[in-house]
Number of protein chains: 2
Amino acid sequence: MTQVARLYNFPLSPFCRKVRLVLGEKRLQIEEVTVRYWEPSQEILMLNPSGKIPVLRMGKQVVAESTAICEYLDEVFPEPPLMPETPIARAEVRRLVGWFDDKFHSEVTVNLLGERLLKKITGRGAPDSRKVKLGWRNCRFHIDYMTAILDRRRWLAGDDMSLADVSAAAQLSCLDYVSDVDWNRSESLRIWYAKIKSRPSFRPILSDHLPRHPPAPHYADLDF
Amino acid sequence: MTQVARLYNFPLSPFCRKVRLVLGEKRLQIEEVTVRYWEPSQEILMLNPSGKIPVLRMGKQVVAESTAICEYLDEVFPEPPLMPETPIARAEVRRLVGWFDDKFHSEVTVNLLGERLLKKITGRGAPDSRKVKLGWRNCRFHIDYMTAILDRRRWLAGDDMSLADVSAAAQLSCLDYVSDVDWNRSESLRIWYAKIKSRPSFRPILSDHLPRHPPAPHYADLDF
């Protein structure tokens, strides 16, 4: 099923990437409208009073907050499913979505991508080297945690790809844009990322290119 | 249906309060184990590697992250429902849950309850008066936003009480413990809070009492 949708987007927002990956998995065509999220326009504030992106507009329906959007898309377009069937398995997916959206994002993404690139883009000054160092240290902890999971599961939440993988890949792909993931630290994680990176839903993300801030050379390589 | 559950809890955690309210609405008996969340024990880390509470143990099942727990409970114990029937209505509930858990919490609760009480309890020094002032200002914005919603809806997400109300009440009740909500600013908000406060599920929350940090005098009054 194909339906035109509009996503208010910023290419290096992991939360927008979650939604873009879900739209891709569901094979929904989207029109992406790039917004400067640090200067929310009146249009965005009308659609989402929090001023945050992503915001999805689909016909008359407007949905905001990445998790609300992803669950909505999975409910309305159930194929292929990105949530498992049992409540306890869904709880595990949602626990991990919370892990990546909240813990990983605040401990790693904000300290690395935020300090090293987004500050520059949004005119908030120079990176704080202590935060960058903390981000690196936290990133190692998170890689080890993901490795521990992936050593016993095919995908992060179980046998099938789910919103947990989407949330994790959204964060990691933003870090990978600026070459901030040490893929040598974990073969299991590298294999998992190669698997998700090669999916058709990932292509738009791999072709993201901010003019004055191009991606790391290996960013779009499926063999990295 | 009644089933014994154990909740790893801290009385003034809004995220634990979300879960306690849902357990109460579902009339599930819980054993609450109070934990010092700022010093996660080995037991907590075994149950939830993020070290965060709430964690719910129910028989053999362990669920972490408040939103994962609340959605799990609503799926397994559907009566009374705390999520509406249509995907778009559920998306609105989840948008608001994100609003209160993320935006309200970081803009208001952290700056008020966090600075004025939790810093003291967890031994992290004196309140930062600039943050407290910012918290007050942000709180007015949030009260006005909730008022705008409640002027056209019976409950925050629509005609029925939902997880959106639970998330909002969880944050506000923590602030009310230290008398940080200006109920005179909004009659609609006061009426909504009086309605939710008088529910049986709220009683355990109204009897919370930290020995050296007692609640504000009006905290448990249904007529405030």
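Residue numbering restarts at 1 for every chain, and letters A, B, ... go by the order of the sequence lines. Just so you know, these numbers use all the heavy atoms, side chains as well, and skip hydrogens, waters and symmetry mates.
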*Asks:* For the interface with chain B, which of A/Lys52, A/Glu92, A/Arg90 has the highest count of heavy-atom pairs at distances below 4.5 Å?
*Replies:*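 Sorted descending by pairs with chain B, the first entry is A/Arg90.
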*Asks:* Could you go step by step and tell me if B/Asp128 and B/Lys119 meet the side-chain contact (heavy atoms from CB on, under 4.5 Å) rule?
*Replies:* CA-CA 10 Å; B/Asp128 178 335; B/Lys119 259 187 161 176; 4.3 Å; yes
*Asks:* Against chain A, label B/Arg95 side chain, backbone, both or neither, depending on which of its atoms sit under 4.5 Å from a heavy atom there.
*Replies:*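 Its backbone and side chain both get close to chain A.
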*Asks:* Salt bridge or not between A/Arg116 and A/Asp180? Use side-chain N to carboxylate O under 4.0 Å.
*Replies:*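 Yes, A/Arg116 and A/Asp180 are salt-bridged.
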*Asks:* Identify which part of B/Asp102 has an atom lying under 4.5 Å from any heavy atom of chain A, answering side chain, backbone, both or neither.
*Replies:*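 Answer is side chain: those atoms of B/Asp102 sit under 4.5 Å from chain A.
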*Asks:* Using the ring of each side chain (for Trp, its six-membered ring), is A/Trp183 parallel, tilted or perpendicular to A/Tyr193, with breaks at 30° and 60°?
*Replies:*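 The arrangement is parallel - the two ring planes meet at less than 30°.
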*Asks:* So, A/Ser66 versus A/Lys18: side-chain donor-acceptor pair below 3.5 Å or not?
*Replies:*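 There is such a pair between these side chains.
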*Asks:* Give a yes or no on whether the backbone of A/Pro80 and the side-chain of A/Lys26 come within a donor-acceptor separation of less than 3.5 Å.
*Replies:*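 The answer is yes, because a donor-acceptor pair under 3.5 Å joins these two groups.
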*Asks:* I need the residue from A/Ile88, A/Thr67, A/Ile69, A/Val63 with the largest number of non-hydrogen atom pairs under 4.5 Å to chain B.
*Replies:*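 Top option by heavy-atom pairs under 4.5 Å: A/Ile88.
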*Asks:* Which atoms of B/Asn48 come close to chain A, meaning under 4.5 Å heavy atom to heavy atom: side chain ones, backbone ones, both, or neither?
*Replies:*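 B/Asn48 touches chain A through side-chain heavy atoms alone.
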